[in-house]
Amino acid sequence: ARRAAEGAGTAAVGGDLREVFQQRTCLPQHRRKLFPFDGQRLWVFEVNDWESQQLTTVIAAILLREHVGYAVDVNLVASGTGAAKRVAKQWVGAVDGATVGSLTREERHFGYANLEVWPDNQRDKYVEFVTRQGLVKDFGYTGYNGRSGWFVSTAFARDPTFLTSPEFYRAYVSTPNSTNVVLQLMQQQDSVNCSESAVCSGSSATHCMKNLPNGSEQISWCPTKEDGELPTVLTIEPTMDQGFNEEIARSNDFRFALRYLGTDAFSPTAFQALASGSRQLVYGWRPSMFLSRLNTRNVHIARVMLPSEDCGQHLLDGTGNWSCDFPHQTLQKFISVDVEKDPVAKAFFERFSIPEQALGHNKYSVNLEGGGIVELLQNLSAHAPENAMRSATADEIFATACDWILANENAGAQWMSWIEPRWVPFFADSLHWAYPYPALAILLLVALAYIVFLEYPWLKTTLTRSSIKRIMAKNSTGECRTSLELTLRDSCAPIPTRVSRVTSVRTSGGAFVPS
């Protein structure tokens, strides 16, 4: 799993999230949607198994469903690896998620989006699907950055007995002819025997773990098999920042082993190591529930300062010569090409953004008004019991996302401004349930009003008196042919009738009678 991470039960929690999203609502029921599509347009959001992505996704899904008016579903995919390929709709099977499988069997059309993509693991796919084929649209910055690193407890970092603080990378330099006290103490804390057959070595652990003799989720990696006993860096699993940990562990005159604990064991083990002040390096990343939980539990940690210049080259297989700190990553929004034919969704995704943190941020604040992803994660971690090291539940994810939405309608992110309200008369609203009957009724009323109040009086006033006389004279021998002529006859003075010529016919008796 890509950034799985915050403890046991991640897959189950993600699975529950779809059910919770379908069953619960956030905004008041009486609130009118901007575009009542009534299920005609469907967008599916990818949900991965780390909390920052889940929170961001659920916020967007709630707003698109309950505020804008789309049909929305979520698709659980444990790993963020391959996100670009899925957004391009290059489906390969069950690994694409149950929701996608169901919709494709039904042959239903839908748009697809992932709103927190870590770009370092997508570089090759980005070129293929975004740049070359154009099947994925990069909608830019999610609103906050991501960055991984190595961390130590503050008690260890600032121990005055060390000549060089373990907060600085030079404290870990290993040279053949000298003894490094820091490394000795770390090795006493936890070490790996690199000569063991179960230990991976050489390239990144991702590339060699399939050849290991055991199928355990917990694996170890060493630069070479000849390194003997090495102190460890605790991390989660190899696909996270693939290749970076391995390259850094053998650069800068370091000799570290990497212990991949797996998703279930990492959070409690790493938390205990940092909370107890032990002499242990721990891999972590921001934004994450793991580091937010340390903060809310008042566990003080320090980031190890690694070099920032002359960094070398990073390769995904871990064989590069990268020697600097983990790079900053601008987290991105990947949207399927369907968005080009949907101007409403396009405007929403362009404007959707979750800030990094609130202005005047307090590191212990859980206030969501004006808050960003930092406050969201701290608020979420505050829900868990004091000593719990579990993942957030689906209900907690939904509730925290909903609280942020309600707190930032007109403050902070001001999501109300992301989509302008529609100002369309009901009779002309093609999305209204009764359309087009109101429009037809309005047209009929307008036509009748035109006839009664415009056409009839206009015809009456445009006839001159001589025209009236000619019309009446023409119809003097019979009934008028139109109601207009009848009205004209009744409203005008009597017109003398023309005298007809009388023709006489002689009878057999010699008298004349009129014919």
Side-chain angles (χ1 to χ4, degrees), residues 1-29 31 33 37-80 82-83 86-87 91 93-116 263-264 267 289 336 352 354 368 376-377 379-385 388-406:
R2 166 70 172 83
R3 285 188 181 265
E6 320 289 2
T10 303
V13 169
D16 293 338
L17 189 56
R18 185 187 183 201
E19 181 180 347
V20 169
F21 179 75
Q22 291 173 336
Q23 293 177 350
R24 295 182 60 176
T25 59
C26 176
L27 297 178
Q29 294 292 329
R31 188 182 186 118
K33 298 174 182 177
F37 292 125
D38 294 328
Q40 299 175 26
R41 302 187 186 184
L42 172 63
W43 277 90
V44 176
F45 289 88
E46 179 167 310
V47 175
N48 300 128
D49 54 4
W50 61 95
E51 278 84 346
S52 63
Q53 200 271 357
Q54 291 175 359
L55 287 167
T56 298
T57 300
V58 172
I59 288 171
I62 290 173
L63 290 176
L64 197 64
R65 179 183 68 180
E66 300 179 28
H67 175 56
V68 184
Y70 282 81
V72 176
D73 206 342
V74 295
N75 182 49
L76 171 66
V77 180
S79 172
R86 287 188 292 274
V87 175
W91 315 120
V95 294
D96 294 320
T99 304
V100 163
S102 174
L103 292 172
T104 51
R105 285 192 297 272
E106 296 171 6
E107 298 183 349
R108 184 165 182 193
H109 179 76
F110 59 92
Y112 196 84
N114 188 321
L115 300 183
E116 189 192 294
T263 58
D264 293 344
S267 195
M289 182 78 163
S336 66
F352 176 83
I354 304 295
L368 294 178
L376 277 163
L377 288 167
N379 188 286
L380 186 62
S381 65
H383 284 98
M389 293 304 298
R390 59 169 174 79
S391 298
T393 67
D395 282 308
E396 289 169 350
I397 292 284
F398 189 95
T400 303
C402 182
D403 289 344
W404 185 92
I405 289 172
L406 297 176

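Side chains are part of it too, since the values below use all heavy atoms of this structure and drop only hydrogens, waters and symmetry mates.
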Asker: Val47 and Gln53: side chain to side chain contact (heavy atoms under 4.5 Å, CB included), yes or no, with the steps?
Answerer: CA-CA 7 Å; Val47 175; Gln53 200 271 357; 4.3 Å; yes
Asker: Please give me the minimum heavy-atom distance between Leu103 and Phe110, naming the atom from each residue.
Answerer: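 Shortest heavy-atom separation between Leu103 and Phe110 comes out as CB-CE2, 3.7 Å.
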Asker: Tell me whether Glu46 contacts the main-chain N or O of Ala83 through its side chain, where contact means a donor paired with an acceptor under 3.5 Å.
Answerer: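 Not confirmed, Glu46 side chain does not pair with Ala83 backbone.
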Asker: Where do Met289 and Ala392 come nearest, in terms of heavy atoms and distance?
Answerer: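 Minimum heavy-atom contact is CE-CB, 4.2 Å.
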Asker: Tell me whether Glu396 contacts the main-chain N or O of Thr393 through its side chain, where contact means a donor paired with an acceptor under 3.5 Å.
Answerer: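 Confirmed, Glu396 side chain pairs with Thr393 backbone.
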Asker: If I compare all heavy atoms of Leu377 with all of Glu51, which pair ends up nearest, and what's the gap?
Answerer: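 That would be CD2-CB, 3.9 Å.
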Asker: Nearest heavy-atom pair of Ser52 and Glu116: which atoms, and what distance?
Answerer: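 Between these two residues, the closest heavy atoms are OG-OE1, 2.9 Å.
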Asker: Any sub-3.5 Å donor-acceptor pair from Gln54's side-chain atoms to Ile397's backbone N or O?
Answerer: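 Judged by distance alone, no pair lies under 3.5 Å.
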Asker: Please find the pair of heavy atoms, one from Gly111 and one from Ser336, that lie closest to each other, and give the distance.
Answerer: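 Answer, listing the atom of Gly111 first, then Ser336: CA-OG, 3.6 Å.
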Asker: If we check side chain to side chain contact (heavy atoms under 4.5 Å, CB included) with Asn48, which of these qualifies: Asn75, Asn114, Thr57?
Answerer: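 It is Asn114; the other options fail the test.
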Asker: With a 4.5 Å cut-off on side-chain heavy atoms, are Leu376 and Ile354 touching?
Answerer: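 Contact flag for Ile354/Leu376 side chains = yes.
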Asker: Quick one: list whatever passes side chain to side chain contact (heavy atoms under 4.5 Å, CB included) with Asp96, sequence neighbours left out.
Answerer: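 Only Arg86, Trp91, Val92, Val100 meet the side chain to side chain contact (heavy atoms under 4.5 Å, CB included) criterion with Asp96.
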Asker: Between Asp73 and Phe45 (side chain of the first, backbone of the second, donor and acceptor by atom type, cut-off under 3.5 Å), is there such a pair?
Answerer: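 Pair absent, no side-chain N/O of Asp73 close to backbone of Phe45.
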Asker: Given Ile405 and Leu27, is the side chain to side chain contact (heavy atoms under 4.5 Å, CB included) satisfied, shown in steps?
Answerer: CA-CA 9 Å; Ile405 289 172; Leu27 297 178; 4.0 Å; yes
Asker: Find out whether Leu17 and Leu76 are in side-chain contact, i.e. whether some heavy atom of one side chain is under 4.5 Å from a heavy atom of the other.
Answerer: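 Counting from C-beta outward, Leu17 and Leu76 never come under 4.5 Å.
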Asker: Can you tell me how far the NZ atom of Lys33 sits from the CD atom of Glu66, to the nearest 0.5 Å?
Answerer: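 So the NZ of Lys33 and the CD of Glu66 are separated by 7.5 Å.
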Asker: Report yes or no: does Thr99 contribute a side-chain atom to a donor-acceptor pair with the main-chain N or O of Val74 at less than 3.5 Å?
Answerer: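 Yes; at least one donor-acceptor contact below 3.5 Å.
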Asker: I'd like to check the salt bridge (charged side-chain N to carboxylate O under 4.0 Å, His left out) partners of Arg108; sequence neighbours left out, ordered by chain and number.
Answerer: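 So Arg108 forms no salt bridge (charged side-chain N to carboxylate O under 4.0 Å, His left out) with any residue.
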Asker: What are the two closest non-hydrogen atoms of Ala401 and Ile59, and how far apart are they?
Answerer: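 It is CB-CG1, 3.6 Å.
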Asker: Once rounded to the nearest 0.5 Å, what's the spacing between atom CG of Asn379 and atom OG1 of Thr400?
Answerer: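 The CG atom of Asn379 sits 5.0 Å away from the OG1 atom of Thr400.
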Asker: What's the spacing between Trp50 CH2 and Thr263 OG1 if we round to 0.5 Å?
Answerer: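 Result: 13.5 Å between the selected atoms.
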